[in-house]
Amino acid sequence: MEFATFADRAATIEAESADLEIVAHVRDLLAEAGDDLPIVARFVQGRVFPAWDSTTLDIGPNTCYDAIARAAGTNVDADDVEDRLAERGEIGAVAASYDFGGQQGLGAFMGGGGAGAGGAGGDNDDHNNGGTGNNNTGNLTVREVNDTLTDLAAAEGSGSQDRKVDLLFGLFNRCSNDEARYLARLVLSEMRIGVGEGTVRDAIAEAFDVPQEPVERALQVSNDYGQVAETAREDGVSGLDEIDLEIGRPVQAMLAQAGTVTDALEEWDEAAVEWKYDGARIQLHYDPADPGDPDGDNKGETHVFSRNMEAVTDALPEVVEFANEHLDSPVILDGEVVAIDDDGSPLPFQEVLKRFRRKHDVAKAREDVSVRPVFFDCLHADGDDLLDEPLVERHDQLESVLAAERQQEPEEIDGFSLLWVTDDPDEIEAVDADALEAGHEGIMLKNPDSTYSPGRRGKNWQKRKPDVETLDCVVTGAEWGEGRRATFLGTFELSVRDGDDLETVGKVATGITDEKLEELTELLEPHIVAEDGTAVELEPAVVFEVGYEEIQTSPTYSSGYALRFPRFLGVRYDKDTEGADTLERLEMLRDE
Ligand code: AMP
């Protein structure tokens, strides 16, 4: 396809505002793309490479301005391009405002440094800022643009920026006004003609007469609009159904939204609960060594990708080592990489950033900050794609590929996140308390039956909302524990102030470790004023800071309100009962 044809269609699409019309134009464009279909399916979204491919053109705006200026003639420099950009607001309009015809025949195929710069301005009219006088017919094709940009992306090392400018100059020099508009936008990833991923998905389905659903699925597993468009055209639904996950080709990460234990348990019969690790998302692709491995190093093929599908393998040698040590079949795992201290305890998220995208001095950075992976999902195991399997099945697969043994105690297994499936809020609180105690961020609540939906932020994964507000409550009662905890006070009754009185608002029993219970018992025992069976009444003296999910009206407590899912956060040693929160504040927080 001529690049001029592509530019013409892009202009038509840009001028259209109705979504259905845009889909129809993209459909027609794809239908007439011929052999260039994969390229056109990407270009129309402003992409040169498939979404999964982290190759970039690595062209800054200045490189692009230089190339435009050089193609525009000797009287134009990058400053002039920037001035026009300030006036016109976007690079496409600027590129379209120059007449590139003047350099024709001179530098288009020369590409050598200075070919354009040294050339005479010829008949180029750099005062032509109307963008209408350029009838350049460089006969540029979309394939040539694609191939040149691919070469340009591959340019590395010293002199590579000059080479990039040369290659780009060669393209601009053959552009008409409209071609220059869309070339500049393509190069700077600013296509902005109103074509999103959904538009191309719908257009592929319409153009090649296949249902949307298999197109959508194929896009999710491949992240390659070019391949999917071509397969839809050549092999229809059966071809699309055969597109599977591939080791080395990343999938978009499933995302979480904020949620509460209340909502999770209302929505699902049971919730799958995991620790939430405070690190950076990774996707590990591993294929074990081929027995006839030509390198003879018997190491597998390992790729690590970020949440945005960038390759980060070289920055994270620990993850590669982990894969070689623990895996022996082809897998795709989803997880988090966490920075750790010398004892293996997690460090804050900022520490992981010192390692995550690092390109140089990785060994040195590793000496300063170590990282370790923790995996929580398995997308592919030994030849089978698992995206459509329920979470609990995928988690079982994860366990078996990591050869981890299920343990009942919430004890961390190396490289693997435990999963508790429960409908018991107290158990969820206990997992949360353990996660916080171990230095992690809290918990994730997941729908145990949910499939893996790449790139989606939905209800099936919820990160527990942090407490927006906390309350300082007076402890007015408690209960002696049972069994192992018989010598500890627990289940603490919480009250707020109402004038000179104290009114109860709930009881907090979970979120407290044995060590903490011992400390609280020592603190509260001297204040016991009455005992009835295991229940004790306490003289108001100690203030707890508690988190909660909601404040509800309730006949159970004397305040008329109850804290839903109260969590013990700590003792306010700095406060006496006079400083505790009031019923008035409770009512105010409830109304917020
Ligand atoms: P946020 O970044 O706050 O939206 O929280 C979601 C992120 O938490 C995910 O993208 C992961 O990087 C991270 N995360 C940590 N632990 C887990 C887990 N067990 N399951 C899913 N995501 C997790």
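All residue numbers in this chain count up from 1 along the given sequence. Because the structure is predicted, anything quoted here is derived from the model rather than measured. Whatever order the structure lists ligands and atoms in, that order sets their numbers, starting from 1.
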(message) Using every non-hydrogen atom in the two residues, find where V320 and T313 come nearest and quote the distance to one decimal.
(response) CG2-CG2, 3.8 Å

(request) List the closest protein heavy-atom neighbour of atom 11 (C) of ligand 1: residue, atom name, distance to the nearest 0.1 Å. (result) E336 OE1, 3.0 Å

(request) Could you find the nearest protein heavy atom to atom 20 (N) of ligand 1 and give me its residue, atom name and distance? (result) K446 NZ, 2.9 Å

(request) Report yes if E274 has an N/O atom closer than 3.5 Å to an N/O atom of ligand 1; otherwise report no. (result) yes

(request) Could you check atom 10 (O) of ligand 1 against the protein and tell me its nearest heavy-atom contact, residue, atom and distance included? (result) R281 NH1, 2.8 Å

(request) Please determine, by modelled atom types, if Q212 and D202 share a side-chain donor-acceptor pair under 3.5 angstrom. (result) yes

(request) Ignoring hydrogens, just give me the one of K276, M254, Q257 whose non-hydrogen atom is nearest atom 7 (C) of ligand 1. (result) K276

(message) Taking 4.0 Å as the limit for heavy-atom contacts, which would you say applies to F376 with ligand 1: side chain only, backbone only, both, or neither?
(response) side chain

(message) Any nitrogen or oxygen of K463 lying under 3.5 Å from a nitrogen or oxygen in ligand 1? Just yes or no.
(response) yes

(message) How long is the straight-line distance from CG of L391 back to OG1 of T451, given to the nearest 0.5 Å?
(response) 10.0 Å

(message) With nothing but distance in play, are any N or O atoms of W461 less than 3.5 Å from an N or O of ligand 1?
(response) no

(request) Examine F349 together with Y277 and report whether their ring centres are nearer than 6.0 Å. (result) no

(request) Flag the pair F416 / H395 as yes when their ring centroid distance falls below 6.0 Å, and as no otherwise. (result) yes

(request) Under 4.0 Å, heavy atoms only, figure out whether ligand 1 is touched by the backbone of W275, its side chain, both or neither. (result) backbone

(request) Determine the interplanar angle of the F376 and W461 rings, folded into 0 to 90°, and report it as parallel if under 30°, tilted if 30 to 60°, perpendicular if over 60°. (result) perpendicular

(message) Whether K364 and E367 form a salt bridge (side-chain N of Lys/Arg under 4.0 Å from carboxylate O of Asp/Glu) is what I want to check.
(response) no

(message) Among all protein heavy atoms in this structure, tell me which lies nearest to atom 2 (O) of ligand 1, with the distance rounded to 0.1 Å.
(response) R307 NH1, 3.8 Å

(message) Using the ring centroid of each side chain, check whether Y548 and F565 are separated by less than 6.0 Å.
(response) no

(request) Identify, for atom 16 (N) of ligand 1, the protein heavy atom at the shortest distance, and state residue, atom and that distance. (result) Y277 N, 2.9 Å

(request) Check each heavy atom of E441 against ligand 1 and say whether those closer than 4.0 Å belong to the side chain, the backbone, both or neither. (result) neither

